[in-house]
Amino acid sequence: MKCIRKLTIVLLVALLTNLVSGQAIYDESQVPDYTLPELLISEKGKKITDSKSWMKIRRPEIVSLFEDNMYGKIPGKLKLSSWKVLEETNNALGGKAIRKQILLSFRKNNRELDVNLLIYLPRNVDKAPLFVGYNFYGNHTIHDDPAIMVPVSWSRNNEAYGVRDNKPTENSRGKLASRWAVDKIIDAGYGLATMYCGDVDPDKQTRVGIDFSDGVHPLLYKKGQTEPAPDEWGTIAAWAWGLSRALDYFEKDARIDHEKVIVMGHSRLGKTSLWAGALDQRFAVVISNNSGCGGAALTRRKFGETLIVMNNAFGHWLCDNNLKYDGKEDELPVDQHMLIALMAPRPVYIASAEEDTWADPKGEYLSGYHASPVYRLFNKPALKSEEMPGINQPVMTTIGYHIRSGGHSVTGYDWEQYIRFANMHLF
Ligand code: GCU
């Protein structure tokens, strides 16, 4: 019965999507009028005027609203069961770095989940601050270092990156190296840790035949459960959970300054870094690179990708409760400026790209702008102007923002700004 209902919803959504997807808005004059949900009025109607009541009253309310209506709640506790150093050397990257490959293992419900964490640390720093972020196709894709292990988890096919039959292979080694400025990061005195998102939850992408039988979800199923309940975690929330477990490991590693961990993500993984930063305030700095819909971009602008289009193509990312807002963005009790505000008073950086109109650069900027009143409650400088800065002209307050030239990707330019931003706030 549930299946039939779901299939009907899927077909309707697909039909509607076909009707509207050809008509994505790319013209400011077509952006509808909208009113953002109140950031600083509590559910009981109390005006929030200081950082204490933000932290005590409004912040938890907003976290719950996002859990119930966007990303879904984590239905229980699942801690790191054990970890094992699979490989370690003091002589990586031509001798300037330590490389560690750690297997994080989680056990529950007679299941085991194994996640490979790759870490590079600058050899000349005793306790390094560190960037952590997921990669899309396996740790071995981020650098051509031949020692990086190839994952065994399911992978999305991609001819260009050498993935066929959903199997990560040697062919993908270094294929996404241009997105990871490993040398710049190490030379700046930071470490870099990355995990393959598919180790935590495979990014299987259709709602018809949606598969929640693998990844982390089944470890927290109740008896007989086969998929998350409507208010339980989708894939983005599962990935966010994984970032926090990596941070649990960093707390145990004497070479890592776990109080200076910067969580970074691109695109769907940028949506993830934001949700991870919102849930886990141990992340010292949060960076979203071209995260767009369901990430930094304001949903109500409906510019570029809309919720309905995203949910149709990637129905597993958000929780099922979110489906009821497809095409009804104005009824959502949250918008994404509230997500950015959840980082306060910690530094948060939002990056857009000029040609990445699908992700709505202006909507990404405006989220930061509309989150700024919360930063002011903490006396932290935030975004003052409703006007976006020019191309390649970063603004760095406690909220950072840039729109660089070029398309949807992560570039050396992006990393240079992230390193500058981290230097500014962590030292
Ligand atoms: C698609 C999707 C976006 C997402 C992007 C990515 O374009 O529509 O929401 O951010 O993939 O993750 O690369």
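Order of listing sets the numbers, starting from 1, for every ligand and every atom in it. Worth knowing before you read on, the calculation uses all heavy atoms, side chains too, and leaves out hydrogens, waters and symmetry mates.
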For ligand 1, find each of its N or O atoms that sits under 3.5 Å from a protein N or O atom, and tabulate the pairs with distances to one decimal place.
{"unit_1": "ligand 1", "atom_1": "7 (O)", "unit_2": "Trp358", "atom_2": "NE1", "d": "3.2"}
{"unit_1": "ligand 1", "atom_1": "8 (O)", "unit_2": "Glu305", "atom_2": "OE1", "d": "3.1"}
{"unit_1": "ligand 1", "atom_1": "8 (O)", "unit_2": "Glu305", "atom_2": "OE2", "d": "2.6"}
{"unit_1": "ligand 1", "atom_1": "8 (O)", "unit_2": "Trp358", "atom_2": "NE1", "d": "2.9"}
{"unit_1": "ligand 1", "atom_1": "9 (O)", "unit_2": "Lys271", "atom_2": "NZ", "d": "2.8"}
{"unit_1": "ligand 1", "atom_1": "9 (O)", "unit_2": "Glu305", "atom_2": "OE1", "d": "2.6"}
{"unit_1": "ligand 1", "atom_1": "9 (O)", "unit_2": "Glu305", "atom_2": "OE2", "d": "3.4"}
{"unit_1": "ligand 1", "atom_1": "10 (O)", "unit_2": "Ser267", "atom_2": "OG", "d": "2.7"}
{"unit_1": "ligand 1", "atom_1": "10 (O)", "unit_2": "Arg268", "atom_2": "N", "d": "3.4"}
{"unit_1": "ligand 1", "atom_1": "10 (O)", "unit_2": "Lys271", "atom_2": "NZ", "d": "3.1"}
{"unit_1": "ligand 1", "atom_1": "11 (O)", "unit_2": "Arg268", "atom_2": "NH2", "d": "3.0"}
{"unit_1": "ligand 1", "atom_1": "12 (O)", "unit_2": "Ser267", "atom_2": "OG", "d": "2.7"}
{"unit_1": "ligand 1", "atom_1": "12 (O)", "unit_2": "Arg268", "atom_2": "N", "d": "2.9"}
{"unit_1": "ligand 1", "atom_1": "12 (O)", "unit_2": "Arg268", "atom_2": "NE", "d": "2.5"}
{"unit_1": "ligand 1", "atom_1": "12 (O)", "unit_2": "Arg268", "atom_2": "NH2", "d": "3.3"}
{"unit_1": "ligand 1", "atom_1": "13 (O)", "unit_2": "Ser267", "atom_2": "OG", "d": "2.7"}
{"unit_1": "ligand 1", "atom_1": "13 (O)", "unit_2": "His408", "atom_2": "NE2", "d": "3.4"}

- So, Asp326 and Asn311: side-chain donor and acceptor under 3.5 Å apart, yes or no? yes

- Item | Polar side chain donor-acceptor pair, His402 to Ser352, under 3.5 angstrom | no

- Message: Taking the cut-offs as 6.0 angstrom to the six-membered ring centre and 45 degrees off its axis, would you call Lys204 and Trp154 a cation-pi pair?
- Response: yes

Which donor-acceptor pairs under 3.5 Å do the side chains of residues 235-246 make with protein atoms, sequence neighbours left out?
{"unit_1": "Thr235", "atom_1": "OG1", "unit_2": "Asp201", "atom_2": "OD2", "d": "2.6"}
{"unit_1": "Thr235", "atom_1": "OG1", "unit_2": "His316", "atom_2": "O", "d": "3.3"}
{"unit_1": "Trp239", "atom_1": "NE1", "unit_2": "Cys197", "atom_2": "O", "d": "3.1"}
{"unit_1": "Trp239", "atom_1": "NE1", "unit_2": "Asp201", "atom_2": "O", "d": "3.0"}
{"unit_1": "Trp241", "atom_1": "NE1", "unit_2": "Leu78", "atom_2": "O", "d": "3.4"}
{"unit_1": "Ser244", "atom_1": "OG", "unit_2": "Asp280", "atom_2": "OD2", "d": "2.7"}
{"unit_1": "Arg245", "atom_1": "NE", "unit_2": "Asp248", "atom_2": "OD2", "d": "2.6"}
{"unit_1": "Arg245", "atom_1": "NH2", "unit_2": "Asp248", "atom_2": "OD2", "d": "3.2"}

- Only one of Asn289, Thr272, Asp414 forms a side chain to side chain donor-acceptor pair (under 3.5 Å) with His266, so which one is it? Asn289

- Message: Just verifying a value: how many Å separate Glu38 CD and Ile62 CD1, rounded to the nearest 0.5 Å?
- Response: 10.5 Å

